[in-house]
Amino acid sequence: MPITTTISIILKDNSKKEIPSGSTGLDLAKAISNSLAKKSVGLLLNNELRDLVTVLKDNDKIEIITQEDPRSYEFLRHSTAHILAEAVQNIFKGAKIAIGPVIEDGFYYDFEIPDHKLIPEDLLKIEKEMQRLIDEEQKFIKINIQDTDKQLQEFQLQGEKFKAELLNQYKNDNPTLYVLEDKSGKPVWNDLCRGPHIINSKQIKAFKLLSVSGAYWRADETKESLQRIYGTSWWSQEELDKYLKNLEEADKRDHRKLGRQLDLYSTHEETGPGLILWHPKLAFIRGQVEDYWKDLHGKNGYEFVYTPHIARTDLWNISGHNDFYKENMFYMTVDKQDYVLKPMNCPFHVLIFNSRRHSYRELPVRFAELGTVYRYERSGVMHGLARVRGFTQDDAHIFCRRDQYVEEIKGVIKLVDIIYKQFGLEYTAELSTKPKDAIGGKEIWDFAEAGLEQAIKEYGLEYKINPQDGAFYGPKIDFKLKDALGRIWQGATIQLDFNLPDRFKLQYIEKDGSQQQPVMIHRAIYGALERFAAIIIEHFAGDFPLWLSYKQVIVLPITDRHLEYAKKVETVLKEKNIRAGIDDRAESLNAKIRDAEINKIPYMAIVGDKESNENNVSVRMRKKGDLGKISLDTFVEQLSKEIEQKLISL
RNA sequence: GCCGAAGUAGCUCAGUGGUAGAGCAACGGUUUUGUAAACCGUGGGUCGUCAGUUCAAAUCUGAUCUUCGGCUCCA
């Protein structure tokens with residue numbers, strides 16, 4: 001057989017490149033251009049991320065990943081995590097390493113550190129050690145583990161029980177070890193790892209450790225309790241600074257912080273955790289959000305119902321909640337009868353449907369309710385308005401025929417689209433399919449999943465599939481929404497239910513006189529008003545659009561002699577249903593402006609001599625500053641239009 | 001629920017065993033102000049709660065409640 005001295009590589013654009021055999025990805029990059037080699041980080045080799053220094057084979061398909069490619073961060077962060085682990089083991093001698101994966105914008109590493117509890121100050125010490133290791137220009141070397149038993153023994157000898165456990169698990173999958181070598185080529189540290197990694201620690205230009213927290217080995221609370229360090233790393237200090245600034249901005253928008261500053265809501269020890277008291281401003285905003293919802297749903301064929309907050313346990317026995325939802329329910333006993341505080345609205349809506357016979361002609365029936373439910377949440381999970389124990393769902397249940405339900409799903413998707421656009425929120429859809437422990441046969445699941453998929457496709461929505469992530473009672477579409485800072489929140493959900501129609505024996509009379517089971521759809525668009533409030537507070541950073549603002553205009557008289565005209569302006573605005581007020585305090589104009597800005601009031605109408613003589617107002621817009629003088633009539637007209645159109649400006 | 005941290009005036013925070021502080025807000029007065037803070041004065045806290053150690057506890061210890069960062073779970 002002839003020995004080939006060159007191999008042929010297929011590049012991203014399907015062109016071919018001949019390089020000497022034994023070349024690595026880095027050699028390939030150099031062969032293309034030196035500037036490319038400088039920016040190169042790793043490879044996409046036959047569709048898998050690999051080290052840049054991987055030796056290439058004939059006919060390999062290669063895409064060189066540079067620092068400009070978002071995928072390059074995976075190499076960087078994963079490698080920074082290794083340096084973190086090395087640093088921690090250098091500082092805390094008995095520390096054992098668990099796992100250290102890349103997460104969005106960063107990485108973490110889990111450790112078991114006997115006799116030491118990490119505190120934030122430790123992070124500085126660890127960062128220093130990491131920098132020292134980075135400056136040592138340590139090389140990442142990949143080694144195939146030939147003798148797993150020997151390696152296993154070594155891990156056990158070192159007390160690296162987590163690595164040993166992992167190696168044992170992966171021993172038949174060609175496990176690899178990454179060894180870090182110092183400049184002299186001496187191995188100084190290693191980790192069982194699939195990679196890929198960067199070549200040299202000096203490529204880590206900007207990193208920061210962010211926080212410490214607890215975690216469990218394999219996310220199992222019965223297993224070892226570990227200490228986790230979170231960090232982030234970037235290709236340049238500028239990138240890191242930008243990221244940290246973004247974190248600060250997110251912190252400023254935190255709805256819990258703004259909730260206090262703007263007097264939006266409170267919780268109290270006396271009421272208990274996760275129970276929200278809505279103050280007037282946020283209650284007003286909620287009212288606007290609810291009115292908009294009612295209007296839209298009324299126009300789209302929904303009928304509104306009200307149902308009680310408690311029901312006898314009997315109801316929850318029939319629905320099955322008392323079995324599968326037990327840990328989340330609040331129970332009480334009255335007159336020796338057991339009651340449950342409702343965790344969901346569906347059983348009530350089902351009872352309304354079942355309270356009389358239905359003809360196929362009446363379907364679909366759509367019952368909607370802003371239903372307040374209570375769920376016991378474990379004490380550590382509460383979070384401001386976003387995760388609470390008592391919350392109001394914008395709930396609705398659709399009962400329809402099999403031949404209707406695709407259209408019904410499309411109708412719900414349309415509402416989701418309209419509503420999210422109204423708030424300037426982007427979203428993505430996810431289709432969750434049959435889980436392992438599901439009720440209902442394959443046939444009905446196939447039918448339901450196909451229908452959901454058809455609806456999404458026909459609507460023209462992009463979506464991804466979450467295999468086996470559906471509810472046990474049916475598949476679902478979840479909507480993840482993205483706020484102004486690009487953060488993802490769980491929003492709307494559309495779920496099919498095969499469970500309740502069965503348990504409550506739901507029926508309607510078909511054309512041929514037979515009794516048929518309707519298809520039942522659960523859906524919520526805001527999700528929960530509490531969480532939605534949290535989302536829009538953070539999305540708008542407290543600067544609510546005019547139609548949502550509790551106070552829309554504050555009139556600022558310059559001196560007392562302008563009070564009379566200021567009152568006139570206020571009256572004119574109020575007559576046009578514009579929510580206006582006057583700041584008549586004996587404060588300087590600057591002070592009044594400052595307070596209005598702090599309270600995030602959208603418009604300030606400043607009135608002095610010039611304005612009162614000409615029936616004008618000087619308009620100042622929140623955050624934008626002085627807009628100049630316009631006539632009072634024009635001002636009213638412009639505001640009315642902005643309110644009418646529910647405009648948003650971010 | 002679990003791991004870790006925190007709780008001092010309405011808010012933000014200082015105060016490491018010896019008489020509880022600041023700024024802002026509030027209140028009273030003076031100032032009548034042109035696009036992000038006028039000036040003077042006054043009041044306000046059993047230091048989350050309960051127990052313990054001590055001559056003496058905001059400060060040390062324990063329990064408990066709440067909050068925060070995560071884990072797990074979820075609208």
Side-chain angles (χ1 to χ4, degrees), chain A residues 103 108 110 112 117-120 122 210-230 254 256-257 260-261 263 266-274 325 327-328 343-345 371 373 375-395 471 478-479 489-493 495 522-532 534-535 556-563 584-599 604-611 618-629:
Chain A
I103 52 174
Y108 66 78
D110 286 346
E112 187 180 62
K117 278 168 185 165
L118 291 171
I119 53 169
D122 290 331
L210 299 170
S211 63
V212 193
S213 81
Y216 299 102
W217 173 235
R218 292 180 175 266
D220 183 339
E221 62 185 38
T222 64
K223 299 217 161 97
E224 286 92 337
S225 178
L226 307 173
Q227 302 191 63
R228 176 172 296 178
I229 297 175
Y230 285 90
D254 190 314
R256 294 165 302 180
K257 202 172 258 187
R260 202 176 302 117
Q261 279 165 11
D263 191 18
S266 58
T267 56
H268 299 264
E269 275 203 32
E270 297 89 322
T271 53
Y325 211 65
E327 323 72 82
N328 289 296
M344 295 186 192
N345 303 300
V373 297
R375 298 182 186 173
Y376 171 77
E377 296 286 349
R378 299 170 99 190
S379 64
V381 304
M382 257 75 75
H383 182 91
L385 291 167
R387 190 76 185 271
V388 292
R389 283 183 175 162
F391 57 97
T392 302
Q393 295 180 304
D394 64 317
D395 210 358
D478 281 327
F479 292 82
W489 303 74
Q490 166 66 42
T493 181
Q495 309 183 348
H522 303 247
R523 42 115 294 174
I525 296 178
Y526 293 135
L529 287 163
E530 284 73 9
R531 181 174 291 176
F532 195 73
I535 293 169
L556 306 182
I558 288 170
T559 74
D560 284 352
R561 89 179 162 271
H562 309 112
L563 247 181
D584 58 2
R585 295 173 306 160
E587 288 288 354
S588 67
L589 179 63
N590 279 343
K592 291 177 184 180
I593 287 170
R594 182 166 189 274
D595 288 345
E597 289 281 357
I598 286 170
N599 287 308
M604 286 158 255
I606 295 161
V607 295
D609 288 331
K610 289 180 250 170
E611 291 77 10
S618 280
V619 180
R620 185 189 162 101
M621 205 174 160
R622 168 184 65 195
K623 290 174 97 176
K624 296 221 162 65
D626 194 356
L627 298 185
K629 203 163 56 171

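So you know, we letter chains A, B, ... as the sequences are listed, proteins then strands, and number each from 1.
- Nucleotide B:U12: paired with B:A22 (Watson-Crick or G-U wobble, both distances less than 3.5 Å).
- When both distances must be under 3.5 Å, the Watson-Crick or G-U wobble mate of B:A57 does not exist.
- Taking the P atoms as reference points, B:A58 lies 12 Å from B:U46, given to the whole Å.
- Nearest nucleotide to the A:Arg620 side chain, out of B:G34, B:A36, B:U72: B:A36.
- A:Asp394 places a side-chain N or O within donor-acceptor distance of the main-chain N or O of A:Gly527, the cut-off being under 3.5 Å.
- For B:A14 and B:A22, the P atoms lie 16 Å apart once the distance is rounded to whole Å.
- B:C74 and B:A57 have their C1' atoms separated by 43 Å, with the value rounded to a whole Å.
- Side-chain proximity of A:Ser618 to B:U35, B:C73, B:A37: nearest is B:U35.
- In the set B:G1, B:U33, B:A75, B:G1 carries the atom at the smallest distance from any side-chain atom of A:Tyr376.
- With P as the reference atom, B:U49 and B:U8 are 10 Å apart, rounded to whole Å.
- With rounding to whole Å, A:Lys592 atom NZ is found 14 Å from B:A37 atom P.
- Using C1' as the reference atom, B:G4 and B:A36 are 40 Å apart when rounded to the nearest Å.
- Here the P atom of nucleotide B:U31 and the CG atom of A:Asp560 are 11 Å apart, to the nearest Å.
- Spacing between atom CZ of A:Arg256 and atom C1' of B:C11 amounts to 17 Å, rounded to whole angstrom units.
- The line from CG of A:Asn599 to CG of A:Asp263 is 9.0 Å long, rounded to the nearest 0.5 Å.
- Contact between the side-chain N/O atoms of A:Ser588 and the OP1/OP2 oxygens of B:A38 is found at a separation under 4.0 Å.
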As a quick check of understanding, evaluate side-chain contact (heavy atoms from CB on, under 4.5 Å) for A:Ile535 and A:Tyr526, giving each step before the final call. CA-CA 10 Å; A:Ile535 293 169; A:Tyr526 293 135; over 6 Å; no
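- Spacing between atom CG of A:Leu563 and atom P of B:G34 amounts to 16 Å, rounded to whole angstrom units.
- Taking atom CD of A:Glu269 as the reference point, atom P of B:C50 lies 12 Å away to the nearest angstrom.
- Among B:U33, B:A75, B:A38, the nucleotide with an atom closest to any side-chain atom of A:Ala528 is B:A75.
- For A:Arg260, whose side chain is taken as the heavy atoms from C-beta onward, the closest listed nucleotide among B:A75, B:U33, B:U12 is B:U12.
- B:A75 has A:Phe391 stacked on its base ring, the centres lying under 5.5 angstrom apart and the planes within 30 degrees of parallel.
- The distance from atom CZ of A:Arg387 to atom P of B:A75 is 8 Å, rounded to the nearest whole Å.
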Decide yes or no on side-chain contact (heavy atoms from CB on, under 4.5 Å) for A:Arg531 and A:Gln490, but give the supporting numbers first. CA-CA 9 Å; A:Arg531 181 174 291 176; A:Gln490 166 66 42; 4.0 Å; yes
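- Out of B:C2, B:U66, B:G34, the shortest distance to the side chain of A:Asp609 is found at B:G34.
- Atom CG in A:Asp626 sits about 6 Å away from atom C1' in B:U35, given to the nearest Å.
- With B:U35, B:C65, B:C71 as the choices, the nucleotide that has an atom nearest any side-chain atom of A:Ala215 turns out to be B:C71.
- In terms of position along RNA chain B, the nucleotide closest to A:Leu118 lies nearer the 5' end than the nucleotide closest to the other residue of the pair A:Leu118 and A:Glu611.
- Using N1 to N3 plus N6-O4 or O6-N4 for Watson-Crick, or N1-O2 and O6-N3 for G-U wobble, each under 3.5 Å, B:U31 pairs with nothing.
- Nucleotides B:C50 and B:U59 are separated by 13 Å at their P atoms, to the nearest Å.
- Pairing partner, B:C2: B:G70, with both Watson-Crick or wobble hydrogen-bond distances short of 3.5 Å.
- Under the 3.5 Å distance criterion, the side-chain polar atoms of A:Arg375 are matched with a main-chain donor or acceptor of A:Pro343.
- For the pair A:His383 and B:G69, the criterion of a side-chain N or O lying under 4.0 Å from OP1 or OP2 is met.
- A salt bridge links A:Arg620 with A:Glu597; the closest basic N to acidic carboxylate O contact falls under 4.0 Å.
- Considering only the side chain of A:Ser211, B:G69 comes nearest among B:G1, B:A36, B:G69.
- Within the shown strands, nothing qualifies as a pairing partner of B:A37 under the Watson-Crick or G-U definition with both distances less than 3.5 Å.
- Where A:Gly380 and A:Gln495 meet RNA chain B, the nucleotide closest to each residue was compared, and A:Gly380 sits on the side nearer the 5' end.
- For A:Ile593, whose side chain is taken as the heavy atoms from C-beta onward, the closest listed nucleotide among B:A75, B:G1, B:A36 is B:A36.
- Side-chain N/O atoms of A:Tyr216 include none lying less than 4.0 angstrom from OP1 or OP2 on B:G4.
- When both distances must be under 3.5 Å, the Watson-Crick or G-U wobble mate of B:G7 is B:C65.
- Within the structure, every side-chain polar atom (N or O) of A:Asn590 is placed at least 4.0 Å from both OP1 and OP2 of B:U35.
- Note: A:Leu589 CG to A:Lys592 NZ = 7.0 Å, rounded to the nearest 0.5 Å.
- Separating the C1' atom of B:G18 from that of B:C60 is a span of 15 Å, rounded to the nearest Å.
- Distance from the side chain of A:Glu377 is smallest for B:A75 among the nucleotides B:C3, B:A75, B:U33.
- Using P as the reference atom, B:U30 and B:U66 are 48 Å apart when rounded to the nearest Å.
- What separates CZ of A:Arg228 from C1' of B:C3 is a distance of 11 Å, to the nearest Å.
- Using Watson-Crick or G-U wobble geometry with both donor-acceptor distances under 3.5 Å, B:G17 finds no partner in any strand shown.
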